[in-house]
Protein chains: 2
Amino acid sequence: MPVQARSAATVQAIFEATIQVLLRDGSDRLTTTRVAERAGVSVGTLYQYYPNRQALLFAVLEDHLGKVATAVEDACLRARGRTVAEMMREVAEAFVDAKMARPDISTALYRIAADVGGPALVRRMGERSRKALEAMLRTAPDAPACQDRFAIDTLFAAMAGATRSVLESGGSPAMIRKLRSHLVLLCQSYAAALNRSV
Amino acid sequence: MPVQARSAATVQAIFEATIQVLLRDGSDRLTTTRVAERAGVSVGTLYQYYPNRQALLFAVLEDHLGKVATAVEDACLRARGRTVAEMMREVAEAFVDAKMARPDISTALYRIAADVGGPALVRRMGERSRKALEAMLRTAPDAPACQDRFAIDTLFAAMAGATRSVLESGGSPAMIRKLRSHLVLLCQSYAAALNRSV
DNA sequence: ACCTGAACACCGTTCAAGT
DNA sequence: ACCTGAACACCGTTCAAGT
């Protein structure tokens, strides 16, 4: 949408104002007027670039999920050729670390992720991660040839659920450390069990 | 709050109207006026029993989570004295079945569960389940004496996350069957790994 | 090409008045 | 003791008018 440099700056300002208002006031009290005010533009301008309030929030969610997916993809590239257990450690730790890079944003976004369209966004990012995992697993010396798409999706959703639970109950550094090691164990034992049952 | 029989009926009517409007229009378009209309009372009456819109939705969420927690508690009682693997199967299947008893309600409630106060409600119900699981595990012939609270919470959140993912991507009967068996495997392998690492 | 802000429709919540 | 519904404040969204 941005045709001139001025409008690109405006879009950026609105995006950042959205994050700030989201963290300061929460998603309930995030009004389009407040975001516009914070961004230093009028409401009308906001609606020129984002069709509605939801689009504003989705932009932030998409950005965040994209970062997590990228972190997982990077981990999958790093771990190529290693054993399945080592791969699982790399991926689980990368996932937790990406989520915990900005715990405040992660937590705030759980509200938005449930909105209409949110689940689709989550699924799209899950697919990116799944593909990266599948490609990585094909390079493992100790993995079976056929990988189950559903199993990988389940593993991912399970990690996401456990991470969410920790974030929503405060997410102290001690809990986060525990989560990291528990998710590694969870992924490793599940992957091993799947391998045995094939 | 209900002092006379009339008001008890009113509260019930409002509660059921909330579910109906939630399923018909979605949580976004659920307005207090619409719920009151559907319940056959005026808005003012609604506010006499539920202090605000959120309280309305929380009542439905609390009811649903309560049913799931009860299903898990029942499963934990049934499986006492059996092996850890059998316990995990019983609990995982009970959890999935309880969530899938009313997939429409389960799915609709994900929106509400993220609202302020929702996470606390989820945690409270999680605690009920965890306590039931701890009590059950103490009767297992092949479980270690010390159980990790965090591990059980993690297992629960993982199951919830995976179940949510399936529900939000449609939740076909085939997927649900797959989820059931995968969650059993996930719980069993994680529990076994924990036992080994103690 | 981009921005402004008054105006409109709608929703959550209240409260004076009823039975 | 319980119910009604008009009234108020506030928010999302639009659009005629500006630069």
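In what follows, chains carry the letters A, B, and so on, assigned in the order in which the sequence lines appear, proteins first and then strands, with residues in each chain numbered from 1.
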Measure [atom1]/[X] against [atom2]/[N] and give the value in whole Å, please.
X       : N      : atom1 : atom2 : result
A:Asn52 : C:dC10 : CG    : P     : 17 Å
B:Arg53 : D:dC11 : CZ    : P     : 15 Å
A:Gln48 : C:dC2  : CD    : C1'   : 6 Å
A:Asp28 : D:dG12 : CG    : P     : 11 Å
B:Leu30 : C:dT13 : CG    : P     : 12 Å
B:Tyr50 : C:dG12 : OH    : P     : 16 Å
A:Ile14 : C:dC2  : CD1   : C1'   : 11 Å
A:Leu46 : C:dG5  : CG    : P     : 14 Å

Single hit among A:Leu185, A:Leu155, A:Thr83 for side-chain contact (heavy atoms from CB on, under 4.5 Å) with A:Met88: A:Leu155

Are OP1 or OP2 of [N] and a side-chain N or O of [X] less than 4.0 angstrom apart?
X       : N      : value
B:Thr32 : C:dG12 : yes
A:Thr31 : D:dC10 : no
A:Ser7  : C:dC2  : yes
A:Thr10 : C:dC3  : yes
B:Tyr49 : D:dC3  : yes

Exercise: identify the closest heavy-atom pair between A:Ala69 and A:Ser129: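 Shortest heavy-atom separation between A:Ala69 and A:Ser129 comes out as CA-OG, 3.9 Å.
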
Taking every non-hydrogen atom, the tightest pair across A:Ala92 and A:Cys187: CB-SG, 4.2 Å

Pairwise 5' ranking along DNA chain D for B:Val41 and A:Thr33, keeping only the more 5' one: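 Result of the comparison: B:Val41.
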
Identity of whatever pairs with C:dG12 - Watson-Crick or G-U, under 3.5 angstrom: D:dC8

Pairing nucleotide - C:dA17, Watson-Crick or G-U, each distance under 3.5 Å: none

A:Phe58-A:Tyr50 aromatic ring centre distance below 6.0 Å: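 For A:Phe58 and A:Tyr50, the ring centres are not under 6.0 Å apart.
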
B:Phe150-B:Met136 co-clustered via ILVMFWY side chain contacts under 4.5 Å: yes

Lys/Arg N to Asp/Glu carboxylate O, B:Lys67 vs B:Asp63, below 4.0 Å: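 A salt bridge links B:Lys67 with B:Asp63.
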
Lys/Arg-Asp/Glu bridge criterion (N-O < 4.0 Å) met for B:Arg128, B:Glu73: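 So B:Arg128 pairs with B:Glu73 through a salt bridge.
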
Donor-acceptor contact present, side-chain B:Glu90 to main-chain B:Ala75, <3.5 Å: no

Touch class at under 4.0 angstrom, heavy-atom based, for A:Arg29 against every strand present: nothing

Touch class at under 4.0 angstrom, heavy-atom based, for A:Leu56 against every strand present: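 Nothing, no nucleic acid heavy atom in range.
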
When you compare the protein's N or O atoms with those of nucleotides 15-19 of chain C, which come within less than 3.5 Å of each other, and at what distance?
none

